[in-house]
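Here's the structure, in structure tokens; my notes come after.
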Amino acid sequence: MKKLIFLLLLILLAAAGLVYYKKWRSEFLRQKVPQLVFLESDSLYRITYENVDIDEVDGEIVIRNLQLIPDSTYKKPTDSTLPRNLLKVTVPEIIVTGVQTDEAVLNKEIIASTIRLTNPVVTMFNNSRAEKDADSTPTSDKIYKILLRGLEKINVDTILITNADYHICTWPGGDTIFSGSKINAQLHHITISDSTSIDTSRVLFAKHAALDVEKLLLRNKRNLYHYQFNNIQVLSGERSFAVKNLHIIPLLGETAHMRAAKWQTDRLDFDLYNLLFKRVNVQELLNGNLIADELSIKNARFKVFRDKAYPMKKESKIGHYPHQQLMNLPIDISLKKIIVQQGYIEYKEKNPQTGSSGIITFDDVRASLHNVTNRSNNLQKNGVMVVHFNSRFLNKVPLSATLQFYLNSKNGKFAVNGSMKTTDATIFNRLSKPMAMVEINAGTIHSLDFNFNCDNYRAMGIMRLLYDNLKIKLLKKDEEGNVAYKPKKVISLLANIAIINANPDKNKPVRTVTVNYARDTYKSMFNLIWKSIFEGAQITIGIDGKLPLMKNQKNKSKEPNHKNPKEEQTQ
């Protein structure tokens, strides 16, 4: 958004500068201004306009059909010396009112009441062949140095940008990768001078600024997703930044998405509602960074689908933990607190052996995240990001967890502890039958508590599972199709003989087990946590590696499918 406002300010203030002449109006308008733009942009841009009407008595300027056009006549589109970003700007009408021409001539000041731009369209062409711009100069400094050339001061009461469109396209192909529609901006009490160039209380030299955007749409490069933001509002006075809703929209259904991906992958379908950033640093926001005290999200819905019939792509997930990805973002993030007031999480996994899908759900999610930052000065004070999570697992069981992410860690260190309350064990059949071919016939789980320390390669810690009267049945798919599953009678009998029916068992002490689980480095952090809990459960109930089913699962989890740790660290 900063490039949109920056370019529009260039145009409107150049328009205001048209009063900075007296006798040579025609030559200045028709030749000097276009020539100046052409030369100052290193022959990259040309400016045209249909006509300019100036009423010196009433102090009004009207410019119609102004265009700023990238001119690559002197450079080939493939020329690496072209800048990374080229812009094309069209403004059907610019109206400047309340212009004081005497001040412009005598005191080198541009003074105007209102500058109004109607239906402007800004297109930024992204030139991937050019080198990345290493210029970190703040936006306001760039405007100040370019526009105040030859003037002492520019004063404008109000700048209004109405119904603007903004697009980012590839160069030279022109494919649209980002678009913003129905953008309205208001800047009040604008003063551009030596003193205001260093005034951090102003936004783009204005005492007060407001921005409304009806819709932003970002297209995924593989054309699998659209990222859509609706009803964005930025208010500089309140230092707030609000988004009514944010959507990650899959463009294909579950089956078609997996077919297009060709590998096992997660199909995402996310919706977040009523996002409000409080006490935002608006200057940083215009420079592409997100610095705020708090983000509250009223409602969030996360749905993930995976089809395990497709082969697993052998790509290392080292460096993909959430805190590692946060540290690698190209922009600065600093949020003291994030609060999710109400949420829903669903993970759906299709098992090719059963042809059925197990669905894990977390209902009534309430979460808070603290110290979400990748800024080096913040990390020196506090290098730990903390997440508190509460929900009802499978819409029944109270579940809570706390995660601590060590942001300065070089090996992905994080800690997780959690607990689950009393439930009937048969509730897990909706997962165990389609995903593991296991049916729980009876049992009560009284509590589950775990505490793990994890890194890029391993989870280590303790787990305590309290239960009694546990009975299970191992299943196989019914090939005749009469029913979905048939019991494996002999193996089920062996399983129930092997199982320790309760913890604690009769008069014996509570069993707390030690977990030491080697991570599958092709899989995610959540897979590591889940598999560590599953291993602890097997050890607790006494069937760890004793049954064919469990042996197969354990062998798969310990396949030599990750590289030497030293090799991974060099990536």
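Values below: all heavy atoms of this structure, side chains included; hydrogens, waters and symmetry mates excluded.
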For residues 462-472, dump all side-chain donor-acceptor pairs below 3.5 Å to protein atoms at least two apart in sequence or in another chain.
{"unit_1": "Y467", "atom_1": "OH", "unit_2": "I500", "atom_2": "O", "d": "2.4"}
{"unit_1": "Y467", "atom_1": "OH", "unit_2": "R511", "atom_2": "NH2", "d": "3.2"}
{"unit_1": "D468", "atom_1": "OD2", "unit_2": "H446", "atom_2": "NE2", "d": "2.8"}

Validation row: M420, D449 side chains within 4.5 angstrom (heavy atoms) | no
What are the two closest non-hydrogen atoms of P487 and K476, and how far apart are they?
-> O-CE, 4.4 Å
Closest heavy-atom pair, Q341 versus S296, reported as atoms and distance to 0.1 Å, is NE2-CB, 4.2 Å
About how many Å separate CE of M385 and CG of L369, when rounded to the nearest 0.5 Å?
-> 6.5 Å
Check against side chain to side chain donor-acceptor pair (under 3.5 Å), T521 and S316 | CA-CA 6 Å; T521 57; S316 172; 4.8 Å; no
Would you check if the side chain of [X] reaches a backbone N or O of [Y] as a donor-acceptor pair within less than 3.5 Å?
X	Y	result
S400	N390	no
D455	N411	no
Y321	K413	no
T423	A425	no
Q264	P311	no
N371	N382	yes
N374	M327	no

Look at the aromatic rings of F362 and F393 and report parallel, tilted or perpendicular, splitting at 30° and 60°.
-> tilted
Does D424 have any side chain to side chain donor-acceptor pair (under 3.5 Å) partners at least two apart in sequence or in another chain, and if so, which?
-> T426
Name every donor-acceptor pair, under 3.5 Å, that has one atom in a side chain of residues 239-252 and the other anywhere in the protein, sequence neighbours excluded.
{"unit_1": "R239", "atom_1": "NE", "unit_2": "V280", "atom_2": "O", "d": "3.2"}
{"unit_1": "R239", "atom_1": "NH2", "unit_2": "R279", "atom_2": "O", "d": "3.4"}
{"unit_1": "N245", "atom_1": "OD1", "unit_2": "N230", "atom_2": "ND2", "d": "2.7"}
{"unit_1": "N245", "atom_1": "OD1", "unit_2": "H247", "atom_2": "NE2", "d": "3.3"}
{"unit_1": "H247", "atom_1": "ND1", "unit_2": "D271", "atom_2": "OD1", "d": "2.4"}

Listed partners of Q342 passing side chain to side chain contact (heavy atoms under 4.5 Å, CB included), at least two apart = N299, D364, R366
Who pairs with K396 by side chain to side chain contact (heavy atoms under 4.5 Å, CB included), at least two apart in sequence or on another chain?
-> I427
Step through it carefully: locate the ring centre of Y522, locate the ring centre of H320, and say whether they are under 6.0 Å apart.
-> no
For F229, the ring pair (Phe, Tyr, Trp, His ring centres under 6.0 Å) test, sequence neighbours excluded, returns none
Trace of the ring-ring contact (aromatic ring centres under 6.0 Å, His included) decision for F534 with W530 | CA-CA 6 Å; F534 184 68; W530 155 243; 5.7 Å; yes
How about N378 and S334: does a side-chain donor come under 3.5 Å of a side-chain acceptor?
-> yes
